[in-house]
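Note sheet for the following structure.
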Amino acid sequence: MAEDGSAGMRPIPVNTPKFWGGEKDAVAQCIETGWISSEGPAVKQFEDAMAARCGRKYGIACANGTAALDIAVKALGLGELDEVIMPTFCIVSCITQVVRGASVPVLVDSDDSFNMDVSKVAAAITPRTKAIMCVHTYHFPVDMEPILRLAEERGLKVIEDAAEMIGQTCMGKPCGSLGHISTMSFYPNKHVTTGEGGMVLVDDADLADSCRKLRNLCFDPRKRRFVHEDLGWNYRMTNLQAALGLSQLDHLDKAVARKREVGRLYSSLLQDCPGLVLPPDQNERGETNIYWVYGVEVVEGLSFDAEDAMKALAAAKVGTRPFFWPMHEQPVFRSQGMFEDASFPVAERIARRGFYIPSGLGLTDDDCHLVAERVRAVMGTLCSGGK
């Protein structure tokens, strides 16, 4: 399977979505019936189906995962100077509404699973703490049992961002079922995609009602239209998107099984690859890696970092993405005087040394072999001091 020169190499993108066969008909039916907006029947059907899959009473579909987080933070009533404990290692969507709502993000370092180090959460609680945000990241869920116990003891709300763990379980329960309020994303690299889309998942009827209002400009169906008592967003999901999501959801188990096949194939092909730390197949709690992405780290002490490796892989026509950049090092927050002198060494390490290789559901086994071959060649060159 050796290749001759980068000019003849077939590019392999970091993500290729998978369509299972029924999506085209589902979307076409929306067009044929004229139900393309958020008023169409597929939206409620998708909400109910995803809620049932996650063991929740209510699903509130919305425009994307960021919208779901915005809605979740505001629906919980988090206000000025209320503190929200959350990981520093996450996507900026997690912190945006916390900051915009004048609440205070209290950051916690990661552990080697890339998730928030739950052993450090209790020490971060103050009299102003109102919520803990748990963000399942890349491979495994957050260790939720101690978080949920701590939240119950201290009277705190738990926001669960399950965007990367659709189809994963934690404590024997589906991810998306573990927070007082949980969120999902259906971006094309997720196990269920609607192109763009998200969902909020709750069990409380009043909280669900608040979320529905917030995603729809705070229209109140029980009152005169265009009269508003609060401000929300136009974060609605279209019927087209929901129809696509419904069709995708039918194949979630196959999607998760395929992701695990790809992850294990990569681990076999990249075993003993110079300069790389590979992800484990199981964690210490016996949970199986879902391989939402196949994330690797450049070994510490080498003269190059993830950025160098990704540049070399780009030249070899292998798509990659860097790991998240920690919130405490984000220029947008530093410029506002936030997180001055903050140091979170694990998050800083993995942000600089971590990246992921092509991981989409559309990958074939042949694609994986090509990626692994190119990764081995690039890492061998970099570790030997070559360029």
Side-chain angles (χ1 to χ4, degrees), residues 13-15 86-96 105-120 133 135-140 142 161 163-164 189 263 266-267 270 272-280 283 289 291-316 318-336 338-359 371-372 374-387:
V14 72
N15 179 65
M86 61 184 300
T88 187
F89 186 74
C90 61
I91 193 167
V92 74
S93 308
C94 298
I95 198 173
T96 300
V106 177
L107 303 181
V108 174
D109 203 0
S110 304
D111 59 25
D112 286 334
S113 74
F114 308 145
N115 284 312
M116 180 169 63
D117 187 339
V118 298
S119 70
K120 300 183 183 299
M133 183 182 292
V135 184
H136 306 308
T137 304
Y138 297 156
H139 300 141
F140 297 101
V142 176
D161 180 352
E164 299 173 11
N189 60 7
Y266 271 145
S267 291
L270 292 172
D272 301 321
C273 179
L276 285 186
V277 179
L278 307 183
N283 63 16
N289 195 330
Y291 298 103
W292 173 65
V293 295
Y294 194 85
V296 298
E297 276 192 83
V298 173
V299 172
E300 284 194 272
L302 295 178
S303 61
F304 61 94
D305 61 13
E307 199 69 31
D308 299 313
M310 289 188 294
K311 286 178 182 176
L313 285 166
V318 175
T320 61
R321 286 290 184 276
F323 277 7
F324 297 135
W325 195 251
M327 295 302 101
H328 71 282
E329 294 191 296
Q330 293 287 349
V332 64
F333 302 130
R334 286 292 181 92
S335 68
Q336 298 176 52
M338 299 171 65
F339 313 130
E340 291 182 351
D341 303 319
S343 177
F344 299 100
V346 177
E348 291 163 17
R349 184 201 84 215
I350 58 182
R352 288 161 173 80
R353 309 203 76 81
F355 65 97
Y356 59 89
I357 59 179
S359 304
V371 170
R374 296 175 192 178
V375 169
R376 278 191 171 277
V378 163
M379 294 304 298
T381 299
L382 289 173
C383 288
S384 65
K387 298 292 185 182

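When reading the values below, keep in mind they use all heavy atoms of this one structure, side chains included, and skip hydrogens, waters and symmetry mates.
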Considering the options P326, S113, S110, which one meets the side chain to side chain contact (heavy atoms under 4.5 Å, CB included) requirement together with V346?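 Going through P326, S113, S110 one by one, the side chain to side chain contact (heavy atoms under 4.5 Å, CB included) with V346 is satisfied by S110 alone.
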
Take the angle between the ring planes of Y356 and W292 and call it parallel below 30°, perpendicular above 60°, tilted in between.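 Taking W292 first and then Y356, their aromatic rings sit tilted (interplane angle of 30° to 60°).
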
Given side-chain contact (heavy atoms from CB on, under 4.5 Å), test V277 with V299 step by step and report yes or no. CA-CA 6 Å; V277 179; V299 172; 4.0 Å; yes

From CA spacing to verdict: side-chain contact (heavy atoms from CB on, under 4.5 Å), Y294, V371: CA-CA 12 Å; Y294 194 85; V371 170; over 6 Å; no

Any carboxylate oxygen within less than 4.0 angstrom of a Lys/Arg side-chain nitrogen, looking at D272 and R376?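 So D272 does not pair with R376 through a salt bridge.
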
Stepwise ring pair (Phe, Tyr, Trp, His ring centres under 6.0 Å) check, F324 with Y138: CA-CA 10 Å; F324 297 135; Y138 297 156; 5.3 Å; yes

If you count the non-hydrogen atoms of other residues, nucleotides and ligands that lie under 6.0 Å from CZ in R321, is the total more than 12?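 Counting neighbours around CZ of R321, 12 or fewer heavy atoms of other residues, nucleotides or ligands fall under 6.0 Å, so no.
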
Polar side-chain atom of [X] near backbone of [Y] as donor-acceptor pair, under 3.5 Å:
| X | Y | result |
| --- | --- | --- |
| R353 | V298 | yes |
| S359 | I357 | yes |
| T137 | N115 | no |
| Q330 | W325 | yes |
| T88 | L107 | no |
| H136 | D161 | no |

Take L276 and F355, measure what side-chain contact (heavy atoms from CB on, under 4.5 Å) needs, and give me the verdict at the end. CA-CA 10 Å; L276 285 186; F355 65 97; 4.2 Å; yes

Intermediate values then yes/no, side-chain contact (heavy atoms from CB on, under 4.5 Å), V135 and M86: CA-CA 8 Å; V135 184; M86 61 184 300; 5.8 Å; no

Y291 ring center near Y266 ring center (under 6.0 Å):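 Not close enough - the centres of the two rings lie 6.0 Å or further apart.
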
